[in-house]
Amino acid sequence: MDKVSPDCPYPGCFFCVMKEGNPSKRRASILKFFRELPSQDDDGQVLPISGLWNTAMAHPNDPEFIELGIFECMAALIWKGLKNRRWLSHDQNIYIPYYAAHIIGSYTMNMEEFAESAVHAGVIAPLVELLRGRLTWVEQRVAVRALGHLATYTNTFPAVASHGEILELSIQLAISSLEIVYSHFYQYVDRRISYHCDLLTRGMGGVEMESRKAEEWASQLQCWSLQLINCFAFKPEFLPTICKPEFLVKLPGMWGGLVNENSPAGIGLLRTICHHKLGRGPVASCPGIIEALCNIARSSDDWQYMAIDCLLWLIQDPSTCHKVIDKAVPALVDLAEITNLGDHKKLGDTIVNVLQECLQSQGTGRNTISNRERELIEELLNSKQRLKWEKNMPKEDLHIKQAAALVVKLEGNSLFSSGNIAGAASKYSEALSLCPMRSKKERVVLYSNRAQCYLLLQQPLAAISDATHAVCLHNPPNCHAKSLWRRAQAYDMLGLAKESLLDAILFINECSQTNDPDLSLRQNKVPDYAERLVKKQMRAAWLFREAAIKHGGVHGEGDVGDIYGHESDGSEWETASESDMGNDGRVEMGDDDDDDDSEWKNEDGRKDKYDKTTLKDIKHGYNLHLAEDES
C-alpha cells in the first residue's frame, strides 16, 4: 500500500490507509488490502479485523467496503481458520473467524443488495461450517445471525435454502443452545476459554459479568436460530421438517428470557406455522402446545397477541377446531373485553366474531361444541347484546343499575371482611350481572375482587380468568396493578413461573406510577412480598435451569438459589390478602379510584374475517431484524 505512517510498524497498515486523503488511492489501497489479507500470516491481523467489525456495527448501510470486496475477504478468513488450525492458534488469530462472521451479519441485516453481494461472494458455505460447530458456540452464534439475515430476503433465501442441512442444524441448535452454553462455558468458571471471556466482556468485567453476558448470548443463540427457522417456515415445503412433535412441543418454552425481550422467539415461530394450514394440524395435535398458547394469550407477555392469533386461526380451521376448542374457548372468552393491544385494534371484537362463527358452525362435521364451551360463548354474546341494549336505555335507568350493583358489591366486601369468602364471591357475581357493561371501571373492580376470593378459595384457574377479564377491561390493558398481582399469585399456584414473573414485574412497574396509597411504592422501594415473588420466579424461570439440572448444577428446589447466584429466601411471600392489607388489618376490597374511566365508551362490532392477515403481516410481526448487540 502506498500510504504508511512513518511511526507505524506494520507495512500496508489498514488504519494508515484509511487516513489517505486521495479518494482514488484510498479505494485502490483498501481493495488491495482485502485481496491480500487472507494470504498473509503477519502478526497483528486481528487489529484491522476488529476495526472493520466496529465500522460494520456503526455504519452497516455504507456500501464502500461492500464494493471493494469485504465479503470475499471475510469468507476467505473463515475458511482459513477452519482449515489451518496452526494459523488459528497463532497470535490472536482465534478471534478472526468470529469477527469475520459478525461483519458479514452486520452488513447484511438491512440492505438486500448487500446480502446479494454476500451470497455472490460465497459466504454461505463457510458460515454453514461454523453453524455445524466446527469451532465453538461463540462462532455458531454469529454464523446463525448472519444466515438469518441472508434468509430474510426474497432474492437470497433460495441460496440459503439450497444448503439443505441449514434447517436441520438450526432446529438442533435451537433445542440444544442453552445446554451447550451452560456446559461449555457457564458451569465451570475455571475452564472458561479466555478468548470467549474477552469477547463477552471486552476485557472490562470479571466472572459475574461473564456469566451475565453468557446468559444473554445463549438466549441470542437460541432466538437467532428460531429466526432462521422462521424464514423457512414461510415456505410450506419446509413445514414437515419443522413441524415434528419433539420440536414443536418445546417452542412455547423458548421465550428468550428477560435478557432478550426484543425477540418473539418460540411464539413468533408458532405464529408463522399456524398461519399455514399445513402447520395448524401438527400444532393442534400437541395438547401441551395449546395449553401453553392459552397461558401466553392470557399473560402480559409482549408477544401476547401472537398467541391470540394462533388460537383464532386454529379455531377458524374446521380441521383443527375440534382439537383445540375445549382449551381455546375459555381463554378467548377471558380476552374478549380487550380493545386495543399495541398496534392491534379492536382485537376483542375480532375474538367475539370468531367465537360467534364457531358457535354458528357447531354441529357441522367434527366441530361439536361441548355444553361448557357453548355456555361460555353464549354468555359472552349476551353481554355484547346487553351493551347494545344499554345504548338505548335512559341514563337514569343505567344509574339505577349501577347503584344497585354498588350496593351488592359493598355487601360482598362486608362478607369478605368477615371471612365468608365464598359468600363474597357470590355477591361479586351478582353485582357483575347488575353492573352496566359500559361501566368498565366498576366491572374491573368486581372482577379483580372476585379473583381475590378465588385465590383464597384455592381456585387459581378461576382467579386467572377473572384477573384476565379485569386487565383486559382496564384502560390501558394489562395495567391494572391489583389484578396483575392476583394473577401472578394464581400462576404461582399452578407452577407457571414465567407468567407469574411477568405479571409480578408489571405489578411493580404499575405500583411505581399509581396514585393509589395502598400500592404506591414508598420511597421507591419495591414491596418485600413482590420482591420475594420476583426472585422466586426468576430462579424457577432461569434460562439455564434445565441445563443446570441435567448437568448436576441443580439437584432440587433448594439448590436453585446457589446456582443462579442468589441466596434462597426461606420465608413465605405474602398472599394478596396480606399485601392489600389496610391499617385495620383487614383485606381492602374497595374501589380503585386511580382508574380514569368516567366516560362510558363502547366499540362498534366488526365483522372482518380474521384470516385476511397476510404472510407479509406475519413476517413483519416476527420482527426478523432483532435488536443487534454491540459485541
Side-chain angles (χ1 to χ4, degrees), residues 298 330 333-334 336-337 372 375-376 378-380 382-387 389-390 393 396-474 480-490 493 516 518-519 574-595 597-598 600:
R298 287 189 180 103
V333 168
D334 290 346
E337 298 286 2
R372 174 173 170 268
E375 290 173 1
L376 287 172
E378 288 178 345
E379 183 179 345
L380 173 63
N382 289 339
S383 69
K384 296 302 176 182
Q385 189 62 44
R386 275 179 59 189
L387 181 59
W389 290 338
E390 288 173 3
M393 288 181 66
E396 293 79 6
D397 292 349
L398 288 174
H399 286 309
I400 291 171
K401 288 173 65 68
Q402 193 167 21
L406 177 59
V407 170
V408 176
K409 185 191 80 169
L410 293 175
E411 292 175 359
N413 289 356
S414 178
L415 288 171
F416 188 93
S417 297
S418 66
N420 187 350
I421 309 302
S426 178
K427 284 295 181 182
Y428 296 138
S429 298
E430 183 182 348
L432 280 166
S433 67
L434 292 170
C435 187
M437 298 300 297
R438 292 192 292 179
S439 299
K440 291 186 177 181
K441 175 183 174 181
E442 189 63 29
R443 296 185 69 82
V444 167
V445 174
L446 290 168
Y447 276 119
S448 188
N449 285 2
R450 194 170 66 176
Q452 170 77 339
C453 294
Y454 288 141
L455 268 177
L456 298 177
L457 293 171
Q458 299 295 303
Q459 298 177 30
L461 292 176
I464 289 169
S465 176
D466 272 5
T468 302
H469 273 92
V471 297
C472 288
L473 270 171
H474 188 267
H480 187 249
K482 289 182 180 179
S483 297
L484 288 168
W485 177 245
R486 288 160 186 168
R487 195 170 64 177
Q489 294 174 97
M493 288 182 180
D516 187 336
D518 294 330
L519 298 177
E574 297 160 61
T575 64
S577 59
E578 292 168 320
S579 65
D580 290 343
M581 198 171 289
N583 294 330
D584 59 356
R586 294 176 299 175
V587 178
E588 296 181 356
M589 299 293 283
D591 300 329
D592 294 339
D593 294 326
D594 56 311
D595 298 333
D597 194 19
S598 56
W600 284 342

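Throughout, numbering of the chain's residues begins at 1 and tracks the sequence. Heavy-atom basis, side chains included; hydrogens, waters and symmetry copies ignored.
- Every residue two or more places apart in sequence or in another chain that forms a side chain to side chain contact (heavy atoms under 4.5 Å, CB included) with A490 is listed here: L455, P460, A463, I464.
- Every residue two or more places apart in sequence or in another chain that forms a side chain to side chain contact (heavy atoms under 4.5 Å, CB included) with L410 is listed here: L406, N413.
- Residue pairs meeting the salt bridge (charged side-chain N to carboxylate O under 4.0 Å, His left out) criterion with at least one partner in residues 452-461, sequence neighbours excluded, are absent.
- Among residues two or more places apart in sequence or in another chain, the side chain to side chain contact (heavy atoms under 4.5 Å, CB included) test is passed with E390 by R386, L387, M393, L398, P436, M437, R438.
- Residues passing the side chain to side chain donor-acceptor pair (under 3.5 Å) test with S429, sequence neighbours excluded: R450.
- In this structure, F416 and N449 have side chains that are not in contact, with every pair of non-hydrogen atoms separated by 4.5 Å or more.
- Summarising the geometry, atom OG1 belonging to T468 is positioned 11.0 Å from atom CG belonging to L473; distances are rounded to the nearest 0.5 Å.
- Legend: residues meeting ring-ring contact (aromatic ring centres under 6.0 Å, His included) with Y447, ordered by chain and number and at least two apart, are H469.
- Partners of E411 under the side chain to side chain donor-acceptor pair (under 3.5 Å) rule, at least two apart in sequence or in another chain, are K427.
- Summarising the geometry, atom CG belonging to N420 is positioned 9.0 Å from atom SG belonging to C453; distances are rounded to the nearest 0.5 Å.
- Applying the side chain to side chain contact (heavy atoms under 4.5 Å, CB included) criterion to E378, with sequence neighbours excluded, gives L359, R374.
- Across all non-hydrogen atoms, the minimal contact from L446 to A431 is CD2-CB, 3.6 Å.
- Distance check, rounded to the nearest 0.5 Å: CG of L380 to CG of D334 gives 10.0 Å.
- The structure places CZ of R443 at 7.5 Å from OG of S383, a figure rounded to the nearest 0.5 Å.
- Counting heavy atoms from C-beta outward, H480 and S448 have side chains that approach closer than 4.5 Å.
- Rounding to the nearest 0.5 angstrom, the gap separating the CZ atom in R486 from the CD atom in Q489 is 8.5 Å.
- Between R298 and P330, the shortest heavy-atom distance links the atoms NH2-C, 3.5 Å.
- With rounding to the nearest 0.5 Å, the separation of OH in Y428 from CG in D466 is 12.0 Å.
- Listed by chain and number, the residues in a side chain to side chain donor-acceptor pair (under 3.5 Å) with S426 amount to none (sequence neighbours excluded).
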